[in-house]
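Take a look at the structure set out below.
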Amino acid sequence: MASSAGAIVLQDFFARFGQRQLAGPVLILAILAMMVLPLPPFALDLFFTFNIAISVIVMLVAMSVMKPLDFSVFPTVLLVTTLLRLSLNVASTRIVLLEGHTGPGAAGQVIEAFGHFLVGGNYAVGLVVFTILVIINFVVITKGAGRVAEVAARFTLDAMPGKQMAIDADLNAGLIGEDEARKRRATIAQEADFFGSMDGASKFVRGDAVAGILIMLINVVGGLFVGVLQHDMDIAAAAKTYTLLTIGDGLVAQIPALIISIAAGMVVTRVGDDQDVSQQFIAQLFRNPRLILLAAGIIGLLGLIPGMPNFVFLLLAGVLAAIAWRLEKGERVAAPLPVAAAPVAARESQEASWADVTALDILGLEVGYRLIPLVDKAQDGELLRRIRGIRKKFAQEVGFLVSPVHIRDNLELRPNAYKILLKGVEIGEGEAFPGNLLAINPGRVAGEVAGTATKDPAYGLPAVWIDPALREQAQAYGYTVVDASTVTATHLNQLILSHAGELLGRQETQALLDHLAKEMPKLVEDVVPKLLTLGIFQKVLRNLLEEGVSLRDMRTIIETLAEVAPRSQDPEVLTAQVRMALGRAIAQELFPGGVEMQLMSLDPQLERILLQAVAGGGDGASIEPGLADTLLREAVAAAQRQEEVGLPTVLLVPGNLRTLLSRFLRRSIPHLKVLAHGEVPENRTIKVTSIIGGKV
């Protein structure tokens with residue numbers, strides 16, 4: 001009964017925790033048990049063989065991973081394998097000192113084989129081989145891998161701010177979604193953790209090498225004392241017996257340690273993430289048949305020198321020449337044959353027709369010939385995918401679907417230039433260099449990178465076109481580093497947002513209404529066309545877009561128009577009422593999170609003067625030139641002060657002045673937002689940071 005109850009308890013235990021969860025704790029407990037419990041020679045052979053096998057597996061996994069994070073558990077594996085070797089050293093030391101006097105097989109067949117077969121039973125040779133292995137492991141591989149991990153950890157941490165800014169830039173431009181941004185941020189954090197852990201884990205391997213030397217010395221001296229004093233062996237026999245056993249024990253431990261160190265070096269020195277080490281080795285070392293043929297010629301010439309091992313040199317030269325011939329033959333087969341172009345039949349000139357009249361594209365992108373690969377459908381150009389992402393993000397955030405971007409090449413442009421058109425008129429231009437990266441200076445960088453100085457075409461920030469090899473350095477200095485397609489896409493996105501009002505034509509407005517009619521058909525029908533014409537409705541939406549107000553809350557917009565339209569058909573009045581209804585959303589966009597609204601305001605005396613001008617001028621109200629010049633100058637200065645302290649440039653004015661001042665100041669201060677008192681939600685706190693017009 002007791003045994004059955006115990007079996008039930010064990011079954012319940014394994015079912016609750018699972019075999020995989022128990023594998024780690026059981027392995028650690030077994031390793032610790034080997035340090036304190038005596039093991040028979042057969043168990044020692046089994047564990048030594050397991051140690052060699054696990055080290056080989058680790059090295060093969062390290063060679064097959066595409067990037068270091070694919071083997072993120074490696075620092076922990078390094079600690080566990082080091083602990084396993086040390087526990088085996090303790091267990092083998094115990095059995096060597098207790099049973100070593102009985103013969104070379106006292107500590108098991110594995111130690112005996114390494115002590116006799118690998119070094120021919122000569123303990124002097126064994127000492128030399130063991131010392132060389134330790135030097136290779138400790139001085140060369142472990143020290144180099146540790147240095148690489150240390151530098152990689154430092155540069156990864158230094159580059160984190162720049163990488164985070166690049167992710168934010170892609171997210172804001174609509175090139176990636178929130179889930180992808182979250183995944184990239186997690187990957188950056190994991191990279192920093194991984195290389196930091198590898199920096200520390202490399203100390204385990206270095207300590208293991210030192211411990212191997214000390215354990216060998218202690219075993220040799222201890223074996224002499226035990227053999228001579230306890231078992232009455234002569235000094236020569238004791239030295240030979242215990243030294244051979246110690247050498248075998250040391251070699252059994254050092255060979256797996258060397259394999260693990262090689263694996264660590266491969267992991268931290270990985271460059272590129274599209275091929276494993278073997279593929280990169282073959283692809284990069286043996287990709288040029290001419291260089292291999294040159295190497296074959298050099299080896300062949302050395303083989304012709306009298307006194308040299310001619311056969312070996314000539315044999316190797318022949319093998320290299322055969323490899324070069326095979327590679328050259330493969331390149332010739334892979335190269336496509338030129339196809340003669342079929343002669344184009346001359347067409348007779350035809351009369352002009354309406355087919356020759358083509359409509360202007362709403363949005364157009366013209367590129368120089370070096371940018372064609374970025375927009376080539378056959379090559380699945382990167383810029384094409386980014387433009388699709390821009391349109392999707394624009395529709396989600398602004399509230400209507402923008403017209404497709406028609407892309408064409410223009411041989412009249414410079415090879416790396418591009419031009420963005422709105423209804424056939426150029427609204428932006430720039431240059432992009434495929435194969436290079438643009439390092440943008442956000443304002444605070446720790447140093448300068450070598451490259452071609454320029455300006456970010458989207459926002460006018462100072463930037464440098466750099467070689468891709470300098471990406472890590474630029475990110476470590478604090479630059480935001482993007483590729484050529486991202487530069488063009490960000491510029492296009494910025495221009496689409498700033499011209500959103502012009503992109504909303506009657507066709508887009510009708511398409512928007514048709515889409516809304518599927519969810520609220522009665523409400524849409526009551527407003528357009530019963531209360532408002534399509535033209536007036538479009539004008540209201542354009543007014544909102546021109547001042548950066550999103551159309552996502554179309555229910556509120558249409559409901560407000562349904563209430564106000566019976567009293568007024570003036571688009572400006574309708575826009576003002578809609579803005580007040582959208583006050584919470586506008587305030588949230590400018591001051592997110594319910595924070596205090598720190599904004600600018602007008603001097604009371606200036607307010608009275610402007611209100612009198614509006615009241616006396618009716619629809620054609622204007623500002624006296626001298627007053628306009630002073631107002632503009634002080635508004636620009638106040639906006640600069642707001643930007644310097646990191647606050648949005650928002651001006652709070654009476655409702656009657658909002659439209660007039662917004663249109664007047666927008667040309668000189670593009671980012672200025674003008675709010676009416678009635679647009680501020682009742683639950684938001686206001687703090688005036690600047691008064692404009694105190695000197696009027």
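Just so you know, residue 1 is the first one in the sequence shown, and it goes up from there.
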Can you give me every donor-acceptor pair (side chain of residues 435-456, partner residue at least two apart or in another chain, under 3.5 Å) with its distance?
{"residue": "Asn441", "atom": "OD1", "partner": "Gly443", "partner atom": "N", "Å": "2.9"}
{"residue": "Asp456", "atom": "OD1", "partner": "Ala458", "partner atom": "N", "Å": "3.4"}
{"residue": "Asp456", "atom": "OD2", "partner": "Tyr459", "partner atom": "N", "Å": "3.2"}

Which residues pass the ring pair (Phe, Tyr, Trp, His ring centres under 6.0 Å) test with Phe47, not counting sequence neighbours? none
Paired with Arg85, the side-chain contact (heavy atoms from CB on, under 4.5 Å) test is passed by just one of Leu88, Leu83, Thr82, namely Thr82
Distance (rounded to the nearest 0.5 Å) between Leu383 CG and Ile372 CD1: 12.5 Å
I'd like to check the side-chain contact (heavy atoms from CB on, under 4.5 Å) partners of Ser55; sequence neighbours left out, ordered by chain and number. Pro256, Ile259, Ile260
Within-4.5 Å side-chain heavy-atom neighbours: Leu384 and Ser485: no
Could you tell me which residues satisfy side-chain contact (heavy atoms from CB on, under 4.5 Å) with Arg182, sequence neighbours excluded, listed by chain and number? Glu178, Asp179
What do the steps show when you test Leu492 against Val405 for side-chain contact (heavy atoms from CB on, under 4.5 Å), and what is the final call? CA-CA 10 Å; Leu492 176 63; Val405 180; 4.2 Å; yes
Taking C-beta and beyond as the side chain, do Val73 and Thr76 meet within less than 4.5 Å on heavy atoms? yes
Please report the C-alpha distance between Thr490 and Asn493 in whole Å, then the side-chain angles of each, then the deciding distance to 0.1 Å, and finally whether the side chain to side chain donor-acceptor pair (under 3.5 Å) criterion is met. CA-CA 5 Å; Thr490 304; Asn493 180 65; over 6 Å; no
Could you measure the distance from the CG atom of Leu374 to the CZ atom of Arg385? Nearest 0.5 Å is fine. 10.5 Å
Output every pair passing salt bridge (Lys or Arg N to Asp or Glu O under 4.0 Å) with a member in residues 298-310, not counting sequence neighbours, ordered by first then second residue. none
If the condition is side-chain contact (heavy atoms from CB on, under 4.5 Å), which residues does Val319 pass it with, not counting sequence neighbours? Ile323
Test of understanding: with side-chain hydrogen bond (donor to acceptor under 3.5 Å, both in side chains), list the residues that count as partners of Arg184, not counting sequence neighbours. Asp170, Glu180
Indicate the atoms forming the closest heavy-atom contact of Pro457 with Val487, along with that distance. CG-CG1, 3.6 Å
Minimum-distance pair of heavy atoms, taken over all atoms of Leu320 and Ala296: CB-CB, 3.7 Å
Would you check if Leu86 and Val90 make a side-chain contact, meaning some heavy-atom pair closer than 4.5 Å? no
Test log, rule side-chain contact (heavy atoms from CB on, under 4.5 Å), inputs Ile387 and Leu365: CA-CA 11 Å; Ile387 290 176; Leu365 174 64; 4.1 Å; yes
So that I can tick it off, tell me whether Asp483 and Arg386 are bridged by a salt bridge, with the cut-off set at under 4.0 angstrom between side-chain N and carboxylate O. yes
Identify the heavy atoms of Ala489 and Ile390 that sit nearest to each other, and give their distance. O-CD1, 3.1 Å
Excluding sequence neighbours, so at least two apart, what forms salt bridge (Lys or Arg N to Asp or Glu O under 4.0 Å) with Glu431? Arg414
Would you say Asp467's side chain and Leu470's backbone share a donor-acceptor pair under 3.5 angstrom? no
Separation between CG of Asp409 and OH of Tyr369, rounded to the nearest 0.5 Å: 12.5 Å
Are Arg370 and Phe433 packed together at the side-chain level, in the sense that at least one heavy-atom pair is separated by less than 4.5 angstrom? no
With Asn410, which residues qualify under side-chain hydrogen bond (donor to acceptor under 3.5 Å, both in side chains), at least two apart? Glu366
Would you please name every residue forming a side-chain contact (heavy atoms from CB on, under 4.5 Å) with Val61, sequence neighbours left out? Ile57, Val65, Phe71
With a 4.5 Å heavy-atom cut-off, do Leu304 and Leu314 have their side chains touching? yes
Enter the distance from Leu371:CG to Ile407:CD1 here, rounded to the nearest 0.5 Å. 11.0 Å
Under the rule for side-chain hydrogen bond (donor to acceptor under 3.5 Å, both in side chains), what residues qualify as partners of Asp376, not counting sequence neighbours? Gln379
Under 3.5 Å, is there a donor-acceptor pair between the side chain of Thr486 and the main chain of Val482? no
Separation between OH (Tyr479) and CD (Gln475), nearest 0.5 Å, reads 12.5 Å
